[in-house]
Structure formats: structure tokens, C-alpha cells
Amino acid sequence: MSSTADPSTPATQVASLPQRTNVKRRAAKEPLLDRIIELLLFLAGVSSVAITLGIAGTLVFESLAFFREVSLVQFFTDHLWTPLFADPHFGIMPLVSGTLVTTGVALLIALPLGTIIAIYLSEFAPAGLREGIKPLLELLSAVPTVVYGYFALQLVSPLVQKIVPGTPAFNMLSAGIVMGIMIVPYVSSLSEDALRAVPMLLREGAYALGANRLITAVKVVYPAAISGIASAYILGISRAIGETMIVAIAAGTQPNLTLDPREGAATITAFIVQASLGDNPHDSIGYKSIFAAGLVLFLITLSINIFGHWLRKRFREAY
Amino acid sequence: MNAERTAITHADPASTPKVSPRVVGPFKAEVRDVNFYYGQFHALKNVSMPFVDKRVTALIGPSGCGKTTLLRCFNRMHDLYPGNRYEGEIILHPDQINIISPKVEPLEMRMRIGMVFQKPNPFSKSIFENVAFGLRLQGETNRRVLADKVEAALKSAAIWDETKDRLQKGARDLSGGQQQRLCIARAIATEPEILLFDEPTSALDPIATSRIEDLIDSLRGRFTILIVTHNLQQAGRIADYTALMYKGELVEMDKTVAMFEKPSFKLTEDYLTGRFG
């Protein structure tokens, strides 16, 4: 809210001040201070919106330059993504498939594991154990993603190669598995909060019918918390799609249109890193392709967030 | 309060039984010398009273008197929380099981004894699945049987007409009064031997309250009903028998009409006339 637009702001008080000369100085200062603080708060609020709009605007603007040279049909149907080559191809699908496969593998790990951990911590673990485990789990999300990337390449990938012979060292499976481990605390922590917010009265209703703890947790408490748990899942998905370091290190940098997680493939994020590191002139098509890829990434996460928002509203429970 | 407890003028507490001779069997359950402890707190003190088969018994008394504590002994709800301890016996007839014995499985007792809570607590499921929940827990999988029993329970709970066209819709979209009747349907779907009501109308408006009271009235003769209530008029309207508790002890139990017209103890009269509580 802008201070000048509000009729009840200190402006009216300032006008009546001259009669009270002895308190004039202090009283006059406070409304002014109020107004300054209000302005600062307003600017802080506006800045986040402005920055978001700025980023989106830049993405769209630079992408428009890209799409003046590359048709949308080619962008979505070409099976190759080689914008930096002498013979450039601009099909985004190989990058999208890489992103979707690594994200899919990560979610196959993170959603079940995170949910089980959340249910255990909320419904089964004694309070002492819960207070001990939760910070440890959250430590997982404090590990730098570079470390996860090397962990995926040096430890998980050789293991995967032993179990699935013929897998290359750079593969989406290892990257996805490690990314899944990284996301577990995001999913479990928020899900647990949602489960614990379910009132005891609901649990007692299930117990009173003869349900045991597992049935109560899975069939009564989990559905009641589904809105909050959906938020946790959405956060996990967004995190996986946007993750860069792990996939750039462990999944390879070769765009590859495949849904087979055993193969290596670049994701949208991995391409952006790779292209940003090379020196592309600012007006080159390679430079502009970064923004086109970024816009696609932005639209994917935006639509997932909008879907999550709809899901939360649709299933919100009031107690 | 202590003065009132000792200054009983209506009857000699030593020679007058707390449970009136008008309370006669057949009994569905008998509480015998039950003591209950929340950790160190002695919440029920040597409580003994019978509950007449297929009749409505109201438990009344001021807040903290132990009436809800006693009610929750019947389906072993206290077992859910650590530090609680039972002593004595609650005998369930006709099989003579002591409900609060450590040897008795709480889950089995909860399947045999239904409960309706202070606030409606339908699950985040469809109306149908709410009522079918207890049946499924008891192993019923036949869809025909489930459908029939759910329909019968909803009819008994006087909510069939409002729900028959929306059985697959979410139960939480119903109004508060409808939700509470749904919870009653959920509790009676498994034909429990005893139905416990813990102040079932305290969160409802007067119209919804009177519908619940009519419903409880209609269940008389089918179920043995225990109802905890803060509302003396409610006890007067729906209970065949009334027990007054105070500070963890049973003060007096009698036929409701007899007790409301001529209480045997001064403490009962003081409570009924609003002098405390």
C-alpha cells in the first residue's frame, strides 16, 4: 500500500501538531519514520515482483530473437539439439526428454521414500527420535549439489554399471537416483508438517472403530493431509526439474532424445550451464538458444507451480 | 464444595446406596470399583455402576468430574496415550469380559463398542467410505453387503435422504449437523454392543441438536447407549437413567425422572438446581 493513497496515514496527524509544541519534534518524527518504513517495506515487496517480471521479460525478449531465426515447428519437432555446431539443429525435445527422465527417476525415489519417512516420523516415531532425525535429514539438503554430482558419478554410476551391464559412465539413472536422495528431505519435512497438523480427533475417530496405527496413518491421516503433502511433492518436482549440478556432472552433456534412463543425456539445465561456460558472442544463435531453453524450463516449472496451487485450493481441509 | 459433600441432608450416605434400587437389569455392562490414573492424577475413584441393556444412560457432572474419562474406558481410548492406568473391572455382558483388563485386546473392544465424539470428525473420504470404514476393518469385502449395510446405517442415522444421491461425494462438504449424523451412521454400521456419545451436540446449533436427540431416542431399544452431556435438559429429555459424577466419584445414579424429581442426595439437588457446576 502506498502511503499517499491512504487517508488515515500520519499526514493528517502532522497537520494538527503545531499546537503541541513541546512534543512536536518527537511526534513529528514518528509519523515520518512510519512513512519511511512503510515505503521501504513497499519497495521490498515490489522488488521481488519486479525481479520476477524482469527475468521473465528478459527470457521472453531474448527468446523472441531466437524464434525469429528458428521456427516453432522446428523447435518442437527436430530430433537434434546442436545449436553450437557448424550445422546447427534446434529441436528442444532431446533436452526436455533428458529433464523428464532424470526428474522421473528422482521422483520415483524421493516421493515414496519421503512419504514413508514423513509417515514414520509423524505417526510412529517417539518424540525424542523424531527431534533427532529431522535435523539430520535436513542436513541432506545442506550438502552442496556439486558433492552430490561427484557422488553420483564416482559411487552410484559404477554400482549401476555393475547391476545393469553396458551402461555408460554418464547415465541419467545415477543422476536421477542421487537427485532423488537430495530431494527426500524437502518432501519428508513438509509432508511431516502436514501430517502432524491433522487433528488428533480424526485419528481417534479411526482408532475408535478398531483401526490400528498403520491403517489410521495411511487411510485416515494421509488423505486428510493431502493438500499439504501435494505442496511437498510439487516442491520436490520443481527442485528436480531445476537441479543443474548433479545432472550436468553425472548425466552427461550430450543431448539425446530417449526415455531410457540407462543412457546419458543432457537436461535443459545442463545445456544452459554448458552453453553459458563457452564463449558465444551475444548476438549469436547459440547465445539466444540459452534463453529459449531457459524459457521452456521456466514454463515447465511455472505450470507445475500453478497446478500445485490449484491442487492445494481444491483439496484444502479446514479443521 | 467440601462442606456440601459432607452435609448431605436428604439421605444418610452410609446407608443409602449410590445406585438406586430402581436401576434394575438386565445389564449390558457393570463398572466395578474402577480407579483410573492419568499419570499421578487420580481421575476415577472407586466408581461402581451398572448400565441397563438397550437403554440410554446419561453421565452428568461439572467439568473435570471424570464422566468423559469413564466413557473412554469403555473403548480403551486411554491406551492411546502413555502413562494411563486402569484398576478394577468393567464387565461386558453376556460374555463376562473385563473390558479394561490388560489381557483384553483394545482393538477388539473398539470394534465391539462404537463412539461418537464432541465434534463431528468424518474422514477425508466419500460419505460411503466413511460409513464403510468400520465394516472394512472387520474384514467385510463383499460390495453388495457393504452397500446394504451402509444404506441401513445411513437410514438408522436419519441421514439417508440427504445423502443417497451423493454417496461418492466428500463427507466434509456436509453441514456440521449432517456430519455428526454421518459419524453416528459410521459408529452404528458395525452394530456395536454399546454406543458411546461424548457430548455429541456441544458443537451444534439447537436445530441440529434436536435432530441428534431424536436420533438417539430412536436408537433406544437397539443399542445400549452411554451419553456424556453438560446439558441437564438433554439428559432429562433422552436418558432413561442418569448418573451424576463429582470429583472422580459417582454421587448418585437413578432413573432420570426419579432423580430429577427427587434426588436422594443434597449434592445432586445442588447440581440439578444450578448451585454449582
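We name chains A, B, ... by the order of the sequence lines, and we start the count at 1 in each one. As the structure is a computational prediction, the values presented were derived from the model and not from experiment.
- Counting non-hydrogen atoms of other residues, nucleotides and ligands closer than 6.0 Å to OH of Y38(B) gives a total above 12.
- The distance from the CG atom of N121(B) to the CZ atom of R203(A) is 12.0 Å, given to the nearest 0.5 Å.
- L214(A) CG: more than 12 foreign heavy atoms inside a 6.0 Å radius.
- Summarising the local packing, NZ of K149(B) is surrounded by 12 or fewer heavy atoms from other residues, nucleotides or ligands at distances under 6.0 Å.
- Minimum heavy-atom separation, A224(A) to S124(B): CA-OG, 3.2 Å.
- For residues 104-137 of chain B, the pairs satisfying ring pair (Phe, Tyr, Trp, His ring centres under 6.0 Å) are F123(B)-F133(B), with sequence neighbours left out.
- Enclosure of atom CZ in R262(A) is not indicated, since only 12 or fewer non-hydrogen atoms of other residues, nucleotides or ligands lie within 6.0 angstrom.
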Original post:
Run the side-chain contact (heavy atoms from CB on, under 4.5 Å) check on K125(B) and K219(A) step by step: do they pass?
Top reply: CA-CA 9 Å; K125(B) 296 173 176 293; K219(A) 297 233 169 136; 4.1 Å; yes
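- The environment of K54(B) atom NZ is dense: over 12 non-hydrogen atoms of other residues, nucleotides or ligands sit within 6.0 angstrom.
- Inspection of non-hydrogen atoms places R72(B), N75(B), M77(B), L80(B) of residues 66-80 of chain B under 4.5 Å from chain A.
- Using a 4.5 Å heavy-atom cut-off against chain A, the contacting residues of residues 97-114 of chain B are L107(B), R110(B), M111(B), I113(B).
- By a heavy-atom distance cut of under 4.5 Å, G205(A), A206(A), Y207(A), A208(A), L209(A), G210(A), A211(A), N212(A) are the residues of residues 205-213 of chain A near chain B, going up by number.
- Shown here is I207(B), whose CD1 atom has no more than 12 heavy atoms of other residues, nucleotides or ligands within 6.0 Å.
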